[in-house]
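Basis for what follows: all heavy atoms, side chains included, without hydrogens, waters or symmetry-related copies.
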Amino acid sequence: MKKYLISLVIVVVMLFVQPVFATQLPPEIKNYILQNSPNATIRFDGLVTLPDGTFYLPLIPAISVKDAEFGVKYTYPANKTFAKKPEIIIFNNNYCLLKLIKEKNKGLTVTELQDLPIEVRSGILPQDLLVPKGLVLPDSLIGILGNLNIPLSSNLQIDSAKKNKQSLAQKDELPKTPQKVNVIPQLQDKQFFITNFNSNFIYIMPSDLRDVQYTLKLDSIPKTVKDISGKFLLVATNGKTYIDVVDIQNEEIAKQIDLGVEPDEIILTKDEKLAYVVSNKSSNLYVIDVPSMTLTKQIQVKGLPEKINLSVDETKLIYQDSSSGDIYSVELNNNYVNIYQCNVANASKLAILDDKIYVLSRTKNALRILPYQEFIIEKNEENQEVLGSKKSFYIKSAFIARGSATKNFFKKQQEDLEKLNYVENGETVSTSIKPVDMLYESGKIFILSALTNSIDIFDPVTNKIERNVTLGVSGFSNKFNKIKNSNLVLITNVVEKKYVIFDLDKQAVLQVNPIDLQMTTLTVVDKTDVQKTTSPSSKKLAPPKSYSKESTSESL
């Protein structure tokens, strides 16, 4: 009896001590999930989401069998493969997965099996779990809760009259007939996530409608929104020092990445493994590892960076100092060397392509083209001094140069001055009025102008604008919104409630569609199977939980 009590105490202690650490599913379990369902998502808190909307809760074992050969030792119903989505999966290391089951006209629950295996009854849910909305557990699983506040089936009290009243109120608020839009085939089965300067909501609507179906509430007005594989959004908001990681499918804030300073702009690498973040209030470049959603580097740079962009080969980052107009580059593969490039007032967009820098000047209605200035250190002259980054080298001589030395000295000085003048002036190409955005695609640079609502198509080989395409809208066009894995962009308008679908290959407008709100950002993602089958309803995000900066996160 005494031995039994000691074992029980050990189990209880392990139940409540283990959750201090961040949730970590063993690599072999993650591999098992992804091998059987390659598009599954393993969220930061361990929640597993399959492409069809099936969810699994992980249970951390009281005692893990570390040296056990990996495999599945139990499923319920028996002998079901992962593809058949069993309600319970128990692995040889005692980790468990519990399938979430949606009850008709109710919320979510798990298996109702009465004789639960000891591995399930003695396990515990991750204590950083963001509990799925509407989850209710059977009384038999009270032991897996730990400190989580999840209702049990015996504690449910339903006020049917109140429920009916809320249901009717919601029904009255919804439009009787959603206004349909006949979108092109490439936009069918897509979902729009929209923000504007006036609200702290993300508005969600199917692409074939023009009115909002539901919203996600943030702590403040969003400034920058970046899509991660159609599964997550990175959102920077006004007045907040953290980036919200929004789980699109589960419609909640999965994590907050605190930078200690208010973030303003975010840019992603093409493989979406790294995110670069800057703040107008800090002389730093922040690097986020996207698979783990953790801040990995903080690099000091010159000035207060804004208008960040990556070079086409992603080896360099370019930005403008908001206080001076100076433009700098950061060589990402060269120990983050920070190099002064040029000064252009009122730039609206920057780009690096091959060995040239492209700068849009919205006040001069021009595209400036300048040579990229590499970082060079020469040490062959004892008294040589480097001015700027590498723009020019001047010799300070302690002696008075005479004869041919004098001639060579002034010749070198003149050459350096001419080089400096070329660097500062470069080449200038006139554009349409108020250029605000540009995009490099298929060997061309597409320049969006706000006042003329048109696109200039620039050839970087000939340094000429080949043609101009009008968009057929009024107002103030403001941004290219690229649809991933396609040749299409959606062009938003901050005045007129319309968006333009533009084909980059055909260099032509395909459609102009109405929409019932003004837009600052427009993110396009695929509809999940859950969104395809559930009816529209008003939904809001629950308040986020706190996360420790030291905690380690699961891969996306």
Side-chain angles (χ1 to χ4, degrees), residues 43 49 53 107-108 130-134 163 165-181 183 187 189-228 230-240 242-256 266 478-479 481 490 492-494 497-499 513-545:
R43 205 170 66 178
T49 306
L108 297 170
L130 281 165
V131 179
K133 299 182 185 71
K163 182 178 178 182
K165 184 176 179 181
Q166 290 175 343
S167 177
L168 287 172
Q170 290 178 356
K171 184 176 179 182
D172 290 341
E173 290 170 6
L174 289 174
K176 294 179 180 179
T177 305
Q179 300 183 64
K180 299 284 290 184
V181 176
V183 293
L187 275 186
D189 286 332
K190 299 289 185 182
Q191 194 91 336
F192 290 166
F193 284 71
I194 300 166
T195 68
N196 58 43
F197 288 129
N198 305 317
S199 169
N200 60 338
F201 288 95
I202 298 177
Y203 299 94
I204 296 100
M205 68 175 66
S207 57
D208 58 353
L209 297 180
R210 59 178 290 178
D211 44 5
V212 175
Q213 294 302 296
Y214 61 96
T215 61
L216 305 183
K217 186 177 181 180
L218 301 171
D219 291 339
S220 184
I221 294 175
K223 295 186 290 187
T224 303
V225 179
K226 293 295 178 181
D227 161 42
I228 308 288
K231 297 178 180 178
F232 294 87
L233 299 177
L234 296 182
V235 185
T237 57
N238 281 322
K240 305 299 178 183
Y242 48 78
I243 293 172
D244 286 319
V245 183
V246 178
D247 185 331
I248 292 174
Q249 190 168 34
N250 297 301
E251 299 156 11
E252 60 192 358
I253 297 176
K255 188 176 183 181
Q256 291 178 330
I266 305 170
N478 72 318
K479 189 174 177 59
N481 301 271
L490 301 188
T492 48
N493 194 304
V494 296
K497 294 180 180 178
K498 291 180 181 178
Y499 63 90
N513 289 335
I515 198 164
D516 282 352
L517 74 162
Q518 292 170 329
M519 296 169 287
T520 304
T521 68
L522 173 58
T523 305
V524 184
V525 301
D526 291 329
K527 280 186 186 177
T528 65
D529 286 335
V530 172
Q531 291 163 338
K532 290 177 187 177
T533 56
T534 56
S535 59
S537 60
S538 297
K539 301 177 183 180
K540 294 184 181 180
L541 288 174
K545 292 191 175 184

So, taking the atom named CD1 in Ile221 and the one named NZ in Lys223, what distance separates them when rounded to the nearest 0.5 Å? 10.5 Å

So how far is it from Thr523 OG1 to Leu233 CG, rounded to the nearest 0.5 Å? 6.0 Å

Any side-chain heavy atom of [X] within less than 4.5 Å of one from [Y]?
X: Phe232; Y: Arg43; result: yes
X: Ile204; Y: Gln191; result: yes
X: Lys497; Y: Gln518; result: yes
X: Phe193; Y: Val225; result: no
X: Leu187; Y: Leu490; result: yes
X: Val524; Y: Phe192; result: yes

Given side-chain contact (heavy atoms from CB on, under 4.5 Å), test Tyr203 with Asp516 step by step and report yes or no. CA-CA 11 Å; Tyr203 299 94; Asp516 282 352; over 6 Å; no

Assess whether atom NZ of Lys231 is packed by more than 12 heavy atoms of other residues, nucleotides or ligands within 6.0 Å.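 Enclosed.
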
What I want to check is whether the side chains of [X] and [Y] have a donor and an acceptor closer together than 3.5 Å.
X: Asn478; Y: Thr492; value: yes
X: Thr520; Y: Thr195; value: no
X: Asp219; Y: Tyr242; value: yes

Return the minimal non-hydrogen interatomic distance between Ala254 and Asp247, and the atom names on each side. CB-CB, 4.2 Å

Between [X] and [Y], is there a donor-acceptor pair closer than 3.5 Å when you use the side chain of the first and the backbone of the second?
X: Asn196; Y: Asn198; value: yes
X: Asp208; Y: Lys180; value: no
X: Ser207; Y: Lys190; value: yes

Partner of Val235 by side chain to side chain contact (heavy atoms under 4.5 Å, CB included), out of Thr224, Ile243, Ile202, Ile266: Ile202

